[in-house]
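This is a predicted model, so every value here is computed, not measured.
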Amino acid sequence: MKTRILLIEDDERLALLTAEYLRKNDFEVLVEGRGDAAEERILGERPDLVILDVMLPGKDGFEICRAVRSRFTGVILMLTAREEDFDQIFGLELGADDYIAKPVQPRLLLARIKALLRRAAPAGGGQSSGENENGEPTELAFGRFRISQTTRSAALGENGIDLTTAEFDLLWQLARHAGNILSRDNLLQELRGIGFDGLDRSIDARISRLRRKLGDDPENPTRIKTVRGKGYLFSKHDWQ
């Protein structure tokens, strides 16, 4: 079956061109032009990936992302205005997996979509020993906390933790380097293949969301610690 994408974009010409381009690259594409109909479409259609514009009639992309994120586990890629850092950070805080600036470059959009879908897919290959083909662990445990790269899932005690694709990727990187400080540059290189430019706050936004989901004290976090001037450290302890 083809991967299904729901494109939520009110610019009819842009939506038509984008949909045609993605269909030529073997995706099934659905299009919605109104924000006030988007929530129902997302939850009803259950696409693999949503391309969500911020500026929409009826309801904006932020409202839509906030409304569906707890009930939709697929990938959300937001389209934001160029240079609008607030849009990017706010979208990530609401649970978007990534963002891309408008006007959209088709080849860049396609590459970003493919990267997000690769990250969202559970690992295959029948690995059952807790290691991948390179001998690296695919499952980690710290006290009551468990995380599995194979199933792309995490749990604290008996309670599963709902994570977006980007949140899981970040949490996995932190956990697999538990006890070591990872800078924003390290994390951005691992997750997006780019270095930290001094302005990107996507990592900070996701760390904030992860702390809430992990029951970490936002004022005095002990599970994902901030090391001032250096980066973040995932604790090997404090998971009881």
Closest non-hydrogen contact found for G95 with T164 is O-CG2, 3.2 Å
Look at the side chain of Q105 and the backbone N and O of R107, then say whether any donor-acceptor pair between them is shorter than 3.5 Å. no
| According to a 4.5 Å side-chain heavy-atom criterion applied to Ile, Leu, Val, Met, Phe, Trp and Tyr, with indirect links allowed, do L30 and L17 form part of one hydrophobic cluster? | no
- Message: Would you call the rings of F145 and F234 parallel, tilted or perpendicular, taking 30° and 60° as the class edges?
- Response: tilted
Tell me whether the count of non-hydrogen atoms from other residues, nucleotides or ligands lying under 6.0 Å of CD in E28 goes above 12.
yes
One should read off an interatomic distance between I147 CD1 and I161 CD1, to the nearest 0.5 angstrom, of 8.0 Å
From the list R211, R206, K213, side chain to side chain contact (heavy atoms under 4.5 Å, CB included) with R209 holds only for K213
| message | Under a 3.5 Å threshold, yes or no: a donor from one side chain and an acceptor from the other, between Q149 and R152? | response | no
Is there a donor-acceptor pair closer than 3.5 Å between any side-chain N or O of S235 and the backbone N or O of H237? yes
Do F72 and V50 come within less than 4.5 Å of each other through their side chains, counting heavy atoms only? yes
TODO: Report whether L14 and L110 are members of the same hydrophobic cluster (ILVMFWY, side-chain heavy atoms less than 4.5 Å apart, transitive linking).
DONE: no
message: Taking I224's backbone N and O only, do any of them form a donor-acceptor pair with D216's side chain (distance below 3.5 Å, no angle check)?
response: yes
| said: I'd like to know whether R69 forms a salt bridge (Lys or Arg N to Asp or Glu O under 4.0 Å) with D97, so could you lay out the CA-CA distance, the side-chain angles of the two residues, the decisive distance to 0.1 Å, and finally the verdict. | reply: CA-CA 10 Å; R69 187 70 279 184; D97 293 288; 3.3 Å; yes
Item checked: Hydrophobic cluster membership, I181 vs L171, 4.5 Å side-chain cutoff -> no
For S148 and E139, the nearest pair of non-hydrogen atoms, with its separation, is OG-CG, 3.7 Å
Exercise for review: Could you tell me whether the side chain of L22 reaches within less than 4.5 Å of the side chain of L7, counting heavy atoms only?
Suggested key: no
Heavy-atom nearest pair, I64 first then A38, reads CD1-CB, 3.6 Å
Side chains of E167 and L170, heavy atoms from C-beta outward: is any pair under 4.5 Å?
no
Minimal heavy-atom distance between A67 and E39, with the atoms involved, is CB-OE1, 3.5 Å
Value for CG (D53) from CG (L77), rounded to nearest 0.5 Å, stands at 11.0 Å
Separation between CG (D169) and CG (L187), nearest 0.5 Å, reads 11.5 Å
Is it the case that the side chain of E40 and the backbone of A37 share a donor-acceptor pair, with hydrogens and angles ignored and the cut-off at 3.5 Å?
no
field: Ionic contact status for R223 with D217, cut-off 4.0 Å
entry: no
* Taking it one step at a time, do R112 and L116 satisfy side chain to side chain contact (heavy atoms under 4.5 Å, CB included)? -> CA-CA 6 Å; R112 195 69 62 83; L116 286 166; 4.3 Å; yes
Rounding to 0.5 Å, atoms CZ (R118) and CD1 (I113) come to a distance of 12.0 Å
- Query: Would you call D162 and R71 a salt bridge, taking side-chain N to carboxylate O under 4.0 Å as the test?
  - Reply: no
Quick note, salt bridge (charged side-chain N to carboxylate O under 4.0 Å, His left out) partners involving residues 229-240, not counting sequence neighbours, are none
Q | Charged N-O contact under 4.0 Å between K102 and E9 | A | yes
*For the side chain of R146 and the backbone of G143, is there at least one donor-acceptor N/O pair under 3.5 Å apart?*
yes
Closer than 3.5 angstrom, by distance alone: can the side chain of R46 be matched with the main-chain N or O of L43 as a donor-acceptor pair? yes
When rounded to the nearest 0.5 Å, the distance separating NZ of K59 from SG of C65 is 12.0 Å
Heavy atoms of L163 and A154 approach each other most closely as CD1-CB, 3.9 Å
Contacts of A19 meeting side chain to side chain contact (heavy atoms under 4.5 Å, CB included) (sequence neighbours excluded), chain-then-number -> R23, V29, V31
Could you tell me if Y232 and D204 have a donor-acceptor pair between their side chains, going purely by distance under 3.5 Å?
yes
Only one of L233, L182, N180 passes side chain to side chain contact (heavy atoms under 4.5 Å, CB included) with L174, and that residue is L182
What about I5 and L108, same hydrophobic cluster or not, with Ile/Leu/Val/Met/Phe/Trp/Tyr joined at side-chain heavy-atom distances under 4.5 Å?
yes
**Prompt:** Would you say the side chain of I203 lies within less than 4.5 Å of the side chain of L188, judging by non-hydrogen atoms?
**Reply:** yes
